[in-house]
Amino acid sequence: TIPTHLGQLESLLKLRLSNNRLTGTIPRQFNELQTLRVLNLDDNRLSGTLPDFLDEIDVLYNQLVPPHLYELSAAGNELTGTLPLMWQFLPSLSVVDLSRNPHNVSFEGFL
């Protein structure tokens, strides 16, 4: 399981937790990682849907959380669902790798 207290690391730039046999979901507390640029969760056993990282209220008040996320990779897990539509408001997000998830995470409506 990914410890939720990682969301308290206010100066964290990169978090690489690949190949650790982690289970459970991606913690909602990752919304608090204001400086996070790279999140790599490849090749674990994570399940569930992808977190929004944003609430609609954050977008309304121009408080993008995390605003500088550039790369998100969660390939080789057991994630499901669609890419959250709110991710289109992450201006720096340019690399998303969700390959090798057996339930085929969908990019429907995202562009």
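- The shortest side-chain heavy-atom distance between Thr23 and Asn44 does not fall under the 4.5 Å cut-off.
- The backbone N or O of Gly24 sits nowhere less than 3.5 Å from a side-chain atom of Thr1 that would complete a donor-acceptor pair.
- Summarising the geometry, atom OG1 belonging to Thr80 is positioned 9.0 Å from atom CG belonging to Asn101; distances are rounded to the nearest 0.5 Å.
- Using a 4.5 Å cut-off on side-chain heavy atoms (C-beta onward), Thr25 and Leu46 make no contact.
- Side-chain contact between Val38 and Leu13: absent, with no pair of heavy atoms (C-beta onward) separated by less than 4.5 Å.
- For Asn40 (side chain) and Arg16 (main-chain N/O), no donor-acceptor pair under 3.5 Å exists by modelled atom type.
- The nearest pair of heavy atoms linking Asp42 to Ser73 is OD1-OG, 2.6 Å.
- Rounding to the nearest 0.5 angstrom, the gap separating the CG atom in Leu36 from the OG atom in Ser11 is 11.5 Å.
- Ile2 approaches Leu41 most closely through the heavy-atom pair CD1-CD2, 4.0 Å.
- Counting only heavy atoms from C-beta outward, the side chains of Leu15 and Leu9 never approach each other to under 4.5 Å.
- Under the side chain to side chain donor-acceptor pair (under 3.5 Å) criterion, Asp97 pairs with Ser99, not counting sequence neighbours.
- Partners of Arg100 by side chain to side chain donor-acceptor pair (under 3.5 Å), not counting sequence neighbours, listed by chain and number: Asp43.
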Hey, mind stepping through Leu50 and Leu79 against side chain to side chain contact (heavy atoms under 4.5 Å, CB included) and telling me if it holds? CA-CA 7 Å; Leu50 295 162; Leu79 298 171; 3.6 Å; yes

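- Between Pro27 and Thr4, the shortest heavy-atom distance links the atoms CB-CG2, 4.1 Å.
- Arg21 is listed as a side-chain neighbour of Arg45, based on a closest heavy-atom distance under 4.5 Å.
- Annotation: the span from Ile26 atom CD1 to Ser47 atom OG amounts to 9.5 Å, rounded to 0.5 Å.
- Counting heavy atoms from C-beta on, the side chains of Leu22 and Leu17 come closer than 4.5 Å.
- When hydrophobic side chains of Ile, Leu, Val, Met, Phe, Trp and Tyr are connected at separations under 4.5 Å, Val95 ends up clustered with Tyr70.
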